[in-house]
Protein chains: 2
Amino acid sequence: MIIRIDLQSETPIYLQLSNQIIENMANGNLKPGEEVPSIRSLAADLGINIHTVNKAYSLLKQKGLLTMHNSRGIVATRSHTEEDEKNMSSVKKALRPIIAESICYGFANIQLKKIVDELYKDIKGGKINE
Amino acid sequence: MIIRIDLQSETPIYLQLSNQIIENMANGNLKPGEEVPSIRSLAADLGINIHTVNKAYSLLKQKGLLTMHNSRGIVATRSHTEEDEKNMSSVKKALRPIIAESICYGFANIQLKKIVDELYKDIKGGKINE
DNA sequence: CAAATGATATATTATATATATAACATTTGT
DNA sequence: ACAAATGTTATATATATAATATATCATTTG
């Protein structure tokens, strides 16, 4: 799993980290059941603090995407279908202001869905660019 | 233009404010060329500080959605088509992590585009909920 | 000329982010 | 039994962001 942190970015490190782990889960680089690097080892590899990694992992745990096993490592998880409603409302809440902004920019509904379609395929394709 | 600030929210006030102004521009409550409340009056109405309103307005100005006229008020703006590329890349950058997260939740491409479609119509419809 | 405007400056408080150590209980491998 | 590695938690420090309180300035409007 490739992770790259930009210390100059205005996006907090723990968010960059959790976002990139999510991308790795989305494109299949990190599959459900597979182990994630330990907090200490990842912090050492990236040259950042343990607590920063811990914060990112806690966020993913809260989203139901990671499961901590008592002193035995951390494993990628796919949240259950019972949580679909919760996940759905979380996604909608995040999407809403972006879609509103797109409307202000004059982007049509079809145009916006085309962008979503492209991003969806691009992420699943496994590109980690931007 | 109706604006409601939640002081308990974890979303910063200036972001709540700019997001709601954007929604009002998206649903037609605030049309291009129309005046926006002055910084002082809006701050007084909402019971928040001048600088917080100023920060929200500056953000919208930076997005090309507001234009300040020297000591003569602030006006809603539709950013020009020449900036489409910039706006597009801005929207994509914001959308990417949310779509990746949706994929982790097991949401299909069609399902996601349906959500976008619903939100698009809901925002244009003018609902200001949650 | 007074009033209102956006812009700017300084200061203070509170919260968020990131780091540095340290310690704890649990699990794993020897 | 023991050492090593794990996730968890606690404390402390430094910096950045968010929000507030005053205040001043040039410009525009009535």
Side-chain angles (χ1 to χ4, degrees), chain A residues 1 3-22 30 32-77 94 97, chain B residues 1 3-22 30 32-77 94 97:
Chain A
M1 186 171 58
I3 289 173
R4 199 157 295 279
I5 297 300
D6 177 12
L7 296 176
Q8 314 307 326
S9 169
E10 54 190 11
T11 305
I13 298 176
Y14 82 97
L15 269 187
Q16 293 183 47
L17 182 50
S18 62
N19 281 341
Q20 289 189 43
I21 293 176
I22 286 178
L30 177 61
E34 283 185 1
E35 266 206 359
V36 149
S38 79
I39 295 177
R40 284 178 179 84
S41 67
L42 186 54
D45 285 353
L46 298 177
I48 62 178
N49 194 269
I50 298 177
H51 293 96
T52 308
V53 176
N54 190 52
K55 188 168 185 177
Y57 278 13
S58 296
L59 182 60
L60 295 172
K61 181 185 174 188
Q62 183 192 327
K63 289 176 183 291
L65 297 174
L66 285 185
T67 303
M68 324 314 221
H69 287 106
N70 213 356
S71 303
R72 269 188 306 125
I74 305 169
V75 162
T77 316
Chain B
M1 186 172 56
I3 289 173
R4 198 157 295 279
I5 296 300
D6 177 12
L7 297 176
Q8 315 306 326
S9 169
E10 54 189 11
T11 304
I13 298 176
Y14 81 97
L15 269 187
Q16 293 182 47
L17 181 52
S18 62
N19 281 342
Q20 289 188 42
I21 293 176
I22 286 177
L30 177 61
E34 284 185 0
E35 266 207 357
V36 150
S38 79
I39 295 177
R40 284 178 178 86
S41 67
L42 186 54
D45 285 354
L46 298 176
I48 62 180
N49 195 270
I50 298 177
H51 291 97
T52 308
V53 177
N54 190 52
K55 189 168 185 178
Y57 279 12
S58 296
L59 182 59
L60 294 172
K61 181 185 173 187
Q62 182 192 327
K63 289 177 184 291
L65 297 175
L66 285 186
T67 303
M68 324 317 221
H69 288 105
N70 214 355
S71 304
R72 270 189 304 126
I74 305 169
V75 162
T77 316

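All chains are named by letter (A, B, ...) in the order of the sequence lines, taking the proteins before the strands, and each is independently numbered beginning at 1.
Taking the salt bridge (charged side-chain N to carboxylate O under 4.0 Å, His left out) definition, one finds that A/K63 meets it with B/E101, sequence neighbours left out.
Rounded to the nearest 0.5 angstrom, A/M68 CE and A/I74 CD1 are separated by 4.0 Å. Annotation: the span from B/I21 atom CD1 to B/L66 atom CG amounts to 6.5 Å, rounded to 0.5 Å. To the nearest 0.5 Å, atom CG of residue A/N19 and atom OG1 of residue A/T11 are 8.0 Å apart. Rounding to the nearest 0.5 Å gives a distance of 7.0 Å between CD1 of B/I22 and CG of B/L59. Distance check, rounded to the nearest 0.5 Å: OH of B/Y57 to CG of B/L65 gives 13.0 Å. Distance CD1/B/I5 to CD/B/Q16: 5.0 Å, rounded to 0.5 Å.
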Taking distance alone, no hydrogens or angles, what donor-acceptor pairs closer than 3.5 Å link side-chain atoms of residues 34-43 of chain B to residues at least two apart or in another chain?
unit_1 : atom_1 : unit_2 : atom_2 : d
B/E34  : OE1    : B/K31  : N      : 3.2
B/S38  : OG     : B/S41  : N      : 3.1
B/S38  : OG     : B/S41  : OG     : 3.0
B/S41  : OG     : B/S38  : N      : 3.3
B/S41  : OG     : B/S38  : O      : 3.1

Quick one, B/L17 with B/T52, criterion side chain to side chain contact (heavy atoms under 4.5 Å, CB included). Give me CA distance, side-chain angles, the key distance, then yes/no. CA-CA 9 Å; B/L17 181 52; B/T52 308; 5.8 Å; no

Readout for nucleotides 18-25 of chain D: B = base within 4.0 Å of protein heavy atom, S = sugar-phosphate only, - = neither; 5' to 3' it is SSBBB-B-

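The nucleotide range of DNA chain C contacted by chain A, defined by atoms under 4.0 angstrom from heavy atoms of the protein and reported 5' to 3', is C/dT17 to C/dT28.
A/E35 has its CD atom 15 Å from the P atom of D/dA5, to the nearest Å.
Both B/N54 and B/S41 lie close to DNA chain C; mapped to their nearest nucleotides by heavy-atom distance, the more 5′-ward contact belongs to B/S41.
If one axis is set at each end of the helix from C/dC1-D/dG30 to C/dT30-D/dA1 from five pairs, those axes are 30° apart, to 10°.
Against DNA chain C, the stretch residues 61-77 of chain B makes heavy-atom approaches under 4.0 Å through B/K61, B/M68, B/S71, B/G73, B/I74.
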